[in-house]
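Worksheet for the structure shown next.
Both counts, for ligands and for their atoms, begin at 1 and track the order of listing. Position 1 is the first residue of the sequence, and the numbers go up from there.
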Amino acid sequence: MYRTNTCGELRLSDAGKKVTLAGWVQRIRKMGSLNFVDLRDRYGITQLVADDKADPDVLQVLNSLGREFVIQAEGEVCERQSKNPKMPTGDIEIKLDRINILNKAATPPFTIEDQSDGGEDLRAKYRYLDLRRGPLQRALALRHKMAIETRKYLDSQDFMEIETPFLIKSTPEGARDFVVPSRMNPGEFYALPQSPQTFKQLLMVAGYDRYCQIVRCFRDEDLRADRQPEFTQIDCEMSFVEREDVLQMFEGLLKHLFKSVLGKEFTEPFERITYDEAMEYFGSDKPDLRFGMQMHDITSVVKGHGFSVFDSAEYIGAIAVPGCAGYSRKQTDELTDWVKRPQIGAKGLVFIKLGDEVKSSVDKFYTPEQIQQIATACDAQKGDLILILCGAKHKTQVALGTLRLEMGSRLGLRKGNDFKPLWVTDFPLLEWDDETQRFYAMHHPFTSPKPEDIDKFFSSDNALLAQVKANAYDIVLNGNEIGGGSIRIHDRNVQERMFEILGFTHEQAEYRFGFLMNAFKFGAPPHGGLAFGFDRLCALFGGQETIRDYIAFPKNNMGRDVMAEAPSVIDDAQLDELFLRSTFGKEENK
Ligand code: ASP
């Protein structure tokens with residue numbers, strides 16, 4: 001037996017026991033005649049001690065130890081002279097009888113401490129060392145607990161976890177597929193699933209009316225901040241349900257997770273808002289409700305007073321920022337530069353300071369009474385700073401929404417341990433793309449239109465099609481979309497029409513989705529579901545904004561595994577076997 005106990009386990013009540021521990025050397029210290037070693041495993045850290053009168057063999061080994069050596073230590077649990085209340089094992093230490101080096105270690109390239117001195121790239125290259133650090137251990141432990149509790153809840157609700165294949169037929173869901181060449185079928189390719197969407201729908205046709213899976217998904221996207229090419233979903237589907245059933249079921253899952261993992265009880269139903277409301281009040285389809293500062297459409301209040309910038313704008317919106325009326329000229333100039341950055345894209349910023357004196361950047365155009373009317377339209381109070389943007393409606397709403405988030409952050413109103421979940425419903429079914437002059441599915445092509453919009457859905461008028469609402473919903477937490485789903489199309493004609501709207505010819509639809517359309521001939525039940533982004537959910541529960549720490553071996557933002565150095569070039573023999581030829585870097589040979 002290598003150990004009798006872990007390094008996180010022993011307490012004062014264990015004093016007097018002879019124990020054997022095994023782990024990694026965190027720190028070695030000598031203080032006067034005493035030699036200390038902090039021994040670490042994933043359960044914690046325990047202090048080992050030997051004085052200068054200890055067994056010479058013990059002292060000799062102690063003298064040869066280095067950081068991260070793997071050792072086995074035997075001794076007696078003793079009460080410490082100077083206790084460390086910050087450590088769970090801080091009341092005790094192990095007086096060494098014997099110590100044994102199980103393996104030496106090269107000096108680690110960064111300190112294995114909660115606050116490491118290693119930069120991100122270095123830590124990624126030595127991920128297995130980074131994973132020894134407390135914050136990552138805690139992140140992975142949280143992830144494990146989240147997965148266990150998810151399965152417990154779903155099992156209690158009669159969901160069956162069923163695995164679906166990774167080598168599948170390409171089923172576009174909005175992103176690019178990763179493809180895998182088939183050696184046995186020369187010239188043909190599998191795709192890795194962007195999600196198990198079609199399979200879970202086929203499982204509904206097959207009668208498995210409550211399906212779930214904690215499953216890896218793959219999307220070959222340009223990695224915007226904090227995305228991973230492979231990520232994990234809690235993927236679920238249910239038959240014989242309406243939207244309300246799905247929302248209740250998964251609100252239940254989230255409440256269970258909050259309670260069992262964080263000890264937070266949500267007794268009230270989650271808030272719900274429609275997509276249109278979300279855009280109007282928050283300029284985002286994933287509003288952060290941890291703070292107010294809602295947006296106000298003041299178009300009708302400010303137009304027509306001779307200020308040409310406003311008079312020519314489609315939309316004028318404002319937020320009232322509490323307590324910021326005292327902003328200096330320098331601060332408002334800085335904010336103006338901030339909104340003009342290309343990511344935000346505003347042309348300028350108009351402000352009104354509701355201090356003891358009311359000051360604004362548009363005093364010339366509005367009387368004090370009119371300024372007061374604007375303040376009233378913004379629900380603003382004395383002490384507020386009103387910020388106003390104008391321009392094309394959707395774009396300006398989004399810009400103002402981003403400014404709202406920025407001001408929330410600057411005022412410290414977006415706290416990691418404050419949780420505000422909500423449902424966003426009634427998304428548009430389709431999104432028009434000017435560049436390609438066609439509609440795209442806003443969620444995915446299997447999402448059903450709302451029943452009341454079915455006539456518009458079958459019309460050939462693009463303006464009507466753009467108004468069709470989807471029976472789709474997202475669950476949002478603190479400004480992040482943590483899940484989304486829909487009631488699906490289960491009727492072959494509706495599905496065919498959807499493919500037609502998306503620009504597939506009959507043959508293309510048949511080639512790509514024939515298997516699904518065929519299945520719909522054989523009694524497809526009404527069904528719907530959703531998927532949670534599991535990595536993000538874990539990160540948010542951990543109070544973090546980035547998912548990387550919650551994935552044991554993540555990729556960097558170029559999609560590279562810098563530890564194993566993947567992707568990598570494969571040799572010609574392997575290419576030949578797959579009937580592939582890499583032309584990259586071989587231009588001169590063409
Ligand atoms: N497959 C969808 C997605 O990955 C989720 C769903 O509609 O259930 O976003």
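- Side-chain atoms of Asp276 and Thr274 form no donor-acceptor pair, as typed in the model, at a separation below 3.5 Å.
- Near Leu530, with a cut-off below 4.0 Å to any heavy atom, the atoms of ligand 1 are 8 (O).
- Considering backbone and side-chain N/O of Glu237, none are found under 3.5 Å from N/O of ligand 1.
- Between Asp222 and Arg227, none of the side-chain N atoms (NZ, or NE/NH1/NH2) sits under 4.0 Å from a carboxylate O, so this pair counts as no salt bridge.
- Shown in contact with Gly485 at under 4.0 Å from a heavy atom are these atoms of ligand 1, numbered in order with element: 6 (C), 7 (O).
- Sorted by first and then second residue, the side chain to side chain donor-acceptor pair (under 3.5 Å) pairs with a member in residues 550-561 read Glu230-Lys555; sequence neighbours excluded.
- With a 4.0 Å cut-off on non-hydrogen atoms, Arg488 touches ligand 1 through its side chain and not its backbone.
- Residue contacts with ligand 1: Gln201 is excluded, as none of its non-hydrogen atoms falls under 4.0 Å.
- The distance from ligand 1 to the heavy atoms of Gln233 drops below 4.0 Å at these ligand atoms: 3 (C), 4 (O).
- Using modelled atom types, no side-chain atom of Glu500 and backbone atom of His506 make a donor-acceptor pair closer than 3.5 Å.
- Listed by number with element, the atoms of ligand 1 under 4.0 Å from a non-hydrogen atom of Arg219 are 3 (C), 4 (O).
- Comment: Asp426 engages Lys450 in a salt bridge, judged by a side-chain N to carboxylate O separation of less than 4.0 angstrom.
- Side chain of Arg536 to backbone of Glu481: no donor-acceptor contact under 3.5 angstrom is found.
- Counting only distance, with no hydrogens or angles, the side chain of Ser486 and the backbone of Arg488 share no donor-acceptor pair below 3.5 Å.
- Taking every non-hydrogen atom of Ser195 and a distance limit under 4.0 Å, the qualifying atoms of ligand 1 come out as 1 (N), 4 (O).
- Residue contacts with ligand 1: Ser486 is placed with no nitrogen or oxygen under 3.5 Å of a nitrogen or oxygen of the ligand (distance criterion only).
- Heavy-atom distances between Lys200 and ligand 1 reach below 4.0 Å in at least one pair.
- Residue-level proximity to ligand 1 for Gln194 is absent, since no heavy atom of it falls below 4.0 angstrom.
- In this structure, Asp114 pairs ionically with Arg138, as a charged nitrogen and a carboxylate oxygen lie closer than 4.0 Å.
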